[in-house]
Protein chains: 2
Amino acid sequence: MGAGTLIRPRQRSRVATRQKADQLLEAAAAIIAEKGFEATAIRDVGRRLEVSLGGMYYYFASKDDLLFQIQFRTFGALLAEQERAANLPGSAEDRLRGLLVGHLAFFAEHPNEMKICTFELESLKGDFYDRVLTIRRKYYRLMEDAIGELTGSRDRRTKDADRTRHVTLFVFGMLNWAFMWYKSGKDGPVEAVAAEMMDLLLHGARKRRDAR
Amino acid sequence: MGAGTLIRPRQRSRVATRQKADQLLEAAAAIIAEKGFEATAIRDVGRRLEVSLGGMYYYFASKDDLLFQIQFRTFGALLAEQERAANLPGSAEDRLRGLLVGHLAFFAEHPNEMKICTFELESLKGDFYDRVLTIRRKYYRLMEDAIGELTGSRDRRTKDADRTRHVTLFVFGMLNWAFMWYKSGKDGPVEAVAAEMMDLLLHGARKRRDAR
DNA sequence: ATGGATTTCGAACGTTTGTTCGAAATTCAC
DNA sequence: GTGAATTTCGAACAAACGTTCGAAATCCAT
């Protein structure tokens with residue numbers, strides 16, 4: 001019994017409640033990813049873990065809060081992981097490749113949550129929407145910086161800043177569309193898909209006979 | 001007073017009802033695109049054109065039917081337009097460029113309907129889902145064929161049939177993600193965006209000093 | 001003008017939903 | 001074991017929804 005416990009002699013292991021909330025968030029993500037946010041009943045989420053309807057309101061302030069927490073936590077975790085990847089040593093090409101792999105890997109590990117982030121952003125209202133958008137913007141800049149090193153627009157206000165912007169949006173399109181088709185069995189590991197994407201960015205998609 | 005009117009002397013100009021149905025579909029698309037299908041009340045769609053709730057059920061068999069008609073008509077029209085574009089004479093490069101322009105132009109002209117096609121496919125059930133999927137598959141093949149000419153996998157079962165598949169899915173990702181950011185004022189005409197996309201497919205996105 | 005078909009409406013029904021609330025059950029430091 | 005804080009529950013509520021239905025209004029060829 002360290003002295004630390006004396007400072008906050010409250011009740012119940014806080015971790016246990018946090019874990020239960022996490023389980024509920026995971027179950028909610030599975031249902032929302034399948035049926036959509038509006039079509040998902042908060043009752044059904046609780047039922048999956050045998051929590052009563054009233055009990056759900058001990059863990060979440062509202063249905064909107066549930067959706068917010070899914071998106072905020074998910075995108076926050078993705079941003080944190082990718083910031084690490086962006087700061088790894090290596091060439092610009094290596095960094096971008098790492099980001100592509102990281103994004104797809106995160107997608108493959110949390111398909112429900114990421115599908116929700118893609119589909120249900122606009123279901124968030126007011127402050128919830130703003131806070132998620134802030135993270136998304138940070139993440140966008142992270143990716144745009146890495147792509148800018150490739151397209152070669154170091155300084156802003158250049159004419160090809162617009163080109164970098166569009167290429168970045170193209171890349172996000174490719175990445176975020178992956179949940180519509182990616183199956184690890186059919187399409188191979190995410191590293192292979194990322195490599196194909198990188199190849200497109202480096203050399204285009206035309207038939208070529210030469211190596212590389 | 002042509003003789004043709006004698007054959008079907010029914011009532012009311014059929015065109016008028018068809019037009020009203022089209023107006024309702026357009027209004028529905030605007031609301032569904034903004035709030036999502038589940039969150040959209042069939043009452044509100046009618047209210048926008050001063051049609052009572054009961055009146056809506058004269059034009060549409062159910063709420064699901066409404067969503068189906070939006071997607072079926074929209075994607076059907078897109079497919080028809082693009083089949084024309086795919087059969088125009090010209091090089092493989094020209095054909096693909098035409099398809100990219102056509103897709104983006106259709107997107108820019110019918111943003112609400114296309115957003116619904118992208119977001120609410122899985123809200124369709126049973127036969128509705130199947131019929132829309134059939135059109136989508138035709139459209140996918142159309143695009144994959146054009147891209148295959150570029151990547152160079154003429155025959156099936158080749159190893160780079162997989163590559164063509166992935167490149168096609170990358171392209172669809174770029175195209176379908178456009179509604180998240182494209183504004184004609186900020187991003188220029190769709191032809192310019194299509195040209196940037198084509199440039200990426202032909203040469204990649206790396207900085208290059210040489211022309212082309 | 002008439003009559004049969006088309007079009008429109010208003011009211012009602014049964015479900016389902018998010019949320020609230022107070023009481024019961026449970027937990028844990030002492 | 002005791003007691004206060006935490007956790008869980010069940011019931012209830014008002015609002016909103018899709019759908020049905022029969023009657024009213026409208027239309028148009030004759």
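First the proteins, then the strands, lettered A, B, ... as listed; each starts at 1.
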_Please tell me if B:Tyr59 has a side-chain N or O lying less than 4.0 Å from either OP1 or OP2 of C:dT8._
yes
Calculate the interatomic distance between [X] atom [atom1] and [N] atom [atom2]; express it in whole Å.
{"X": "A:Leu24", "N": "D:dC9", "atom1": "CG", "atom2": "P", "value": "11 Å"}
{"X": "A:Leu67", "N": "C:dT17", "atom1": "CG", "atom2": "P", "value": "17 Å"}
{"X": "A:Glu50", "N": "D:dG10", "atom1": "CD", "atom2": "P", "value": "11 Å"}
{"X": "A:Lys20", "N": "D:dT8", "atom1": "NZ", "atom2": "P", "value": "6 Å"}
{"X": "A:Phe37", "N": "C:dT17", "atom1": "CZ", "atom2": "P", "value": "13 Å"}
{"X": "B:Arg47", "N": "C:dC9", "atom1": "CZ", "atom2": "C1'", "value": "14 Å"}
{"X": "A:Met56", "N": "C:dT20", "atom1": "CE", "atom2": "P", "value": "14 Å"}
{"X": "A:Leu49", "N": "D:dC9", "atom1": "CG", "atom2": "P", "value": "11 Å"}

Scan nucleotides 11-17 of chain D against the protein and return all N/O pairs shorter than 3.5 Å with their distances rounded to 0.1 Å.
none

*Could you point out which residue of B:Phe106, B:Tyr140, B:Tyr139 forms a ring pair (Phe, Tyr, Trp, His ring centres under 6.0 Å) with B:Phe75?*
B:Tyr139
*Could you list the residues that satisfy side chain to side chain donor-acceptor pair (under 3.5 Å) with A:Arg163, not counting sequence neighbours?*
none
_Run through DNA chain C and report every stem of 3 or more consecutive Watson-Crick or G-U pairs, distances under 3.5 Å, ordered by first number._
C:1-30 with D:1-30
_A:Lys63 NZ/CZ over A:Phe37 ring centroid, <6.0 Å and within 45° of normal_ = yes
*Take A:Tyr182 and A:Phe107 through the ring pair (Phe, Tyr, Trp, His ring centres under 6.0 Å) test and state the conclusion after the steps.*
CA-CA 10 Å; A:Tyr182 177 75; A:Phe107 227 125; 9.0 Å; no
